[in-house]
Amino acid sequence: MRGSVDGLGSSVPIGTMLPAVFADDDLAQRFVAGLDEVIAPILNVLDCLPAYFDPALAPVDFTRWLTGWVGAETDGTEPEPRLRAAVAAAAYLHRVRGTRRGLSEAIRLAFGVEPEIDESGGSGWSARPLGPFPGDHRPHLYVTLRLPDPGPADEHRLDTLVAAARPAHMPYTVKVTAAERTPER
């Protein structure tokens, strides 16, 4: 986390703000220089505050903290680029949460692979009333994820992600399989 930085100078040294009588006082100048060393990291953060809230520029530890603040779906093992992308996309994902597009995007951000989603819903229009309803009469959601090298924790992670991002009323099933490898030429 944030802390003291050796050799970091203050952007607003206190010694220059002292009354003129202390300008040549060595003890007073050394005393406030010690305070400058303590306050410099705080002033540095405040000077750079907009960068801390931009996932592309923020320090990695602060970006990890932002994941909880914005509700990004991460588990702490993501590589840095995927972590920054998840934080940047969090607001958008909250807007489309519970939709097929939102679920697909959340899985793609978490795993880096596009999922296969099969759902029972549908929509239609008819000029005559009491027409047949589109989709299946029993709701279901099937999510299949094909990873190059699936591990035992991937299915649990996918299950947790789908449970959080699916429509609340929708029963679901998840499956993680190995992606088909294409022969190299």
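Below, all heavy atoms of this structure are taken into account, side chains as well, without hydrogens, waters or symmetry copies.
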Non-hydrogen atoms of [X] and [Y] that approach each other most closely:
{"X": "Val176", "Y": "Pro150", "answer": "CG1-CB, 3.7 Å"}
{"X": "Ala106", "Y": "Leu93", "answer": "N-CD2, 3.9 Å"}
{"X": "Pro55", "Y": "Thr63", "answer": "O-OG1, 4.2 Å"}
{"X": "Val143", "Y": "Pro115", "answer": "CG1-CB, 4.3 Å"}

Atom pair [atom1] ([X]) and [atom2] ([Y]), whose distance is rounded to the nearest 0.5 Å:
{"X": "Arg146", "Y": "Thr177", "atom1": "CZ", "atom2": "OG1", "answer": "4.0 Å"}
{"X": "Lys175", "Y": "Glu116", "atom1": "NZ", "atom2": "CD", "answer": "9.5 Å"}
{"X": "Glu119", "Y": "Arg100", "atom1": "CD", "atom2": "CZ", "answer": "5.0 Å"}
{"X": "Arg64", "Y": "Leu83", "atom1": "CZ", "atom2": "CG", "answer": "5.0 Å"}
{"X": "Tyr172", "Y": "Leu158", "atom1": "OH", "atom2": "CG", "answer": "9.0 Å"}
{"X": "Ile39", "Y": "Leu8", "atom1": "CD1", "atom2": "CG", "answer": "12.0 Å"}

Strictly distance-based, threshold 3.5 Å: is any side-chain N or O of [X] a donor or acceptor partner for the main-chain N or O of [Y]?
{"X": "Glu155", "Y": "Pro152", "answer": "no"}
{"X": "Glu114", "Y": "Ser104", "answer": "no"}
{"X": "Ser10", "Y": "Ala40", "answer": "no"}
{"X": "His169", "Y": "Pro139", "answer": "no"}
{"X": "Glu37", "Y": "Leu35", "answer": "no"}
{"X": "Asp154", "Y": "Gly151", "answer": "yes"}

Please step through ring pair (Phe, Tyr, Trp, His ring centres under 6.0 Å) for the pair Trp69 and Phe53, ending with a clear verdict. CA-CA 11 Å; Trp69 199 43; Phe53 296 104; 5.5 Å; yes
Test salt bridge (charged side-chain N to carboxylate O under 4.0 Å, His left out) on Arg84 and Glu80; report intermediate values, then the result. CA-CA 6 Å; Arg84 293 182 185 280; Glu80 185 180 333; 3.0 Å; yes
May I have the step-by-step check of side chain to side chain contact (heavy atoms under 4.5 Å, CB included) for Val174 and Leu141, ending in yes or no? CA-CA 8 Å; Val174 298; Leu141 175 66; over 6 Å; no
Give the C-alpha distance, both sets of side-chain angles, the deciding distance and a yes or no for side chain to side chain contact (heavy atoms under 4.5 Å, CB included) between Asp75 and Arg157. CA-CA 8 Å; Asp75 68 350; Arg157 185 172 177 213; 3.1 Å; yes
Should the pair Arg97 and Tyr92 be classed as cation-pi, given the thresholds of under 6.0 Å to the six-membered ring centre and 45° from the axis? no
